[in-house]
Amino acid sequence: MRANDGNIYWFFSTAASSIATFVAFLLTGYTLVHSLMETAREKDGTLEEIHSILKKRYHRRLTWLAVVTGAAIVLSLLMLFINKWTFPYESVLMIFVSALDLLAIVLGLMFVVSIVDPTKHERAAAGALKDIQQKLRLGGAKASTAMFFQAFTSLERHMRDYLDKADFSTAETKNFRNSINFQQMIEILLDKKKITLDFFEELRHLNAYRNIVFHGHVKQADQSMIEKATVAAEKIKQLT
């Protein structure tokens with residue numbers, strides 16, 4: 001037995017068990033965070049787009065973390081098995097596995113930091129805003145976000161007024177003014193065949209844009225979205 005065999009055995013056995021325990025706690029914590037995100041989204045429908053972006057980012061990071069930690073644990077256990085033999089490039093393999101163990105811990109800590117980042121909503125909103133700008137081909141004249149929120153608020157008010165008068169309420173939605181959000185209202189209008197599918201998609205995009213601008217603390221809105229919100233409000237006012 002080589003003089004450092006005991007140290008190698010201790011190091012890689014400890015590394016494998018420590019990384020496995022660390023990842024287990026990390027996944028348990030993320031499960032709790034995911035549950036809290038779902039609860040927050042159910043209470044506040046404006047978080048739908050932001051949380052969707054965050055979940056995709058977390059999933060990508062968890063995928064990389066799973067690959068790295070899995071490889072680190074397997075290779076650490078492999079080092080324990082082959083420790084009794086001497087073979088070429090043994091030191092190189094040992095350094096590589098040690099670095100992989102360290103990388104797994106670093107990635108895990110970075111994932112924790114990304115979850116507790118106080119600016120995560122703003123960062124997610126920036127990405128979501130870029131996506132919706134490309135999807136809707138925005139990028140023209142800019143205007144104050146206050147103007148957009150004013151136009152959107154008017155649209156939402158007209159929609160609630162119409163739904164109240166139309167009396168589409170059910171046992172689950174007794175009061176349209178207080179019980180349901182914008183997305184649910186446009187789904188009811190589509191279900192009742194009061195709006196077309198194209199108009200529904202337009203309203204859905206307006207709602208998504210509103211949510212992104214609000215949570216992203218965007219300073220300027222796209223002028224075309226203000227115009228779309230104004231036109232949409234007029235269409236809702238004309239519903240019979």
Side-chain angles (χ1 to χ4, degrees), residues 8-83 92-136 181-184 187 204-205 207-218:
I8 294 174
Y9 182 86
W10 175 85
F11 176 82
F12 287 108
S13 61
T14 302
S17 59
S18 298
I19 292 173
T21 303
F22 174 64
V23 172
F25 278 117
L26 185 62
L27 292 177
T28 301
Y30 175 68
T31 300
L32 176 60
V33 170
H34 188 276
S35 177
L36 292 174
M37 288 176 65
E38 283 297 306
T39 301
R41 183 189 60 79
E42 290 174 0
K43 293 181 178 179
D44 185 359
T46 65
L47 291 170
E48 178 69 35
E49 288 74 24
I50 306 301
H51 281 186
S52 177
I53 292 290
L54 287 174
K55 288 175 185 177
K56 290 177 182 178
R57 289 183 179 179
Y58 292 159
H59 181 265
R60 287 196 300 268
R61 291 169 184 173
L62 274 177
T63 300
W64 279 107
L65 183 60
V67 171
V68 173
T69 54
I73 293 172
V74 170
L75 290 177
S76 293
L77 295 176
L78 179 64
M79 289 299 300
L80 297 178
F81 179 74
I82 66 177
N83 185 37
V92 175
L93 180 60
M94 192 181 306
I95 293 172
F96 173 76
V97 177
S98 300
L100 197 61
D101 291 339
L102 177 62
L103 178 62
I105 295 174
V106 171
L107 287 179
L109 292 174
M110 289 175 63
F111 182 67
V112 172
V113 170
S114 69
I115 290 177
V116 299
D117 181 7
T119 64
K120 61 184 179 181
H121 282 173
E122 288 85 348
R123 292 176 181 273
L129 182 61
K130 185 177 180 180
D131 290 342
I132 199 170
Q133 285 176 335
Q134 293 176 346
K135 182 183 294 184
L136 301 180
N181 57 38
F182 189 89
Q183 179 66 29
Q184 291 172 318
E187 288 175 356
R204 189 173 65 82
H205 287 144
N207 185 43
Y209 186 79
R210 185 275 304 264
N211 298 341
I212 294 167
V213 169
F214 177 76
H215 289 287
H217 302 293
V218 179

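Quick caveat: nothing in here was measured; it's all calculated off a predicted structure.
- Taking CG from Leu54 and NE2 from His34, the interatomic distance works out to 10.5 Å, rounded to the nearest 0.5 Å.
- Rounded to the nearest 0.5 Å, atoms OG1 (Thr63) and OH (Tyr58) are 14.5 Å apart.
- Taking CE from Met110 and CG from Asp117, the interatomic distance works out to 11.5 Å, rounded to the nearest 0.5 Å.
- Between the CG atom in Leu75 and the CG atom in Asp101 there is a gap of 8.0 Å [rounded to 0.5 Å].
- Across all their heavy atoms, Arg61 and Ser114 have their closest contact at NH1-CB, 2.9 Å.
- Once rounded to the nearest 0.5 Å, the distance linking OG of Ser13 with CE of Met79 reads 12.0 Å.
- Looking at Ile50 and Ile53, their side chains never come closer than 4.5 Å, going by heavy atoms from C-beta outward.
- Checking Leu102, Thr69, Leu100 one by one against Ile19, the side chain to side chain contact (heavy atoms under 4.5 Å, CB included) holds for a single residue, Thr69.
- Nearest approach of Ala104 to Phe22, heavy atoms of both residues: O-CE2, 4.5 Å.
- Between Phe111 and the options Tyr30, Phe25, Trp64, a ring pair (Phe, Tyr, Trp, His ring centres under 6.0 Å) holds for only Tyr30.
- The shortest side-chain heavy-atom distance between Phe12 and Met94 falls under the 4.5 Å cut-off.
- The two residues Gly108 and Leu65 make their nearest non-hydrogen contact at N-CD1, 3.6 Å.
- Leu32 places none of its side-chain heavy atoms less than 4.5 Å from the side chain of Thr28.
- Judged purely by distance below 3.5 Å, without hydrogens or angles, the side chains of Arg204 and Asn207 never pair a donor atom with an acceptor atom.
- How far CD1 of Ile73 is from OG of Ser18: 10.0 Å, rounded to the nearest 0.5 Å.
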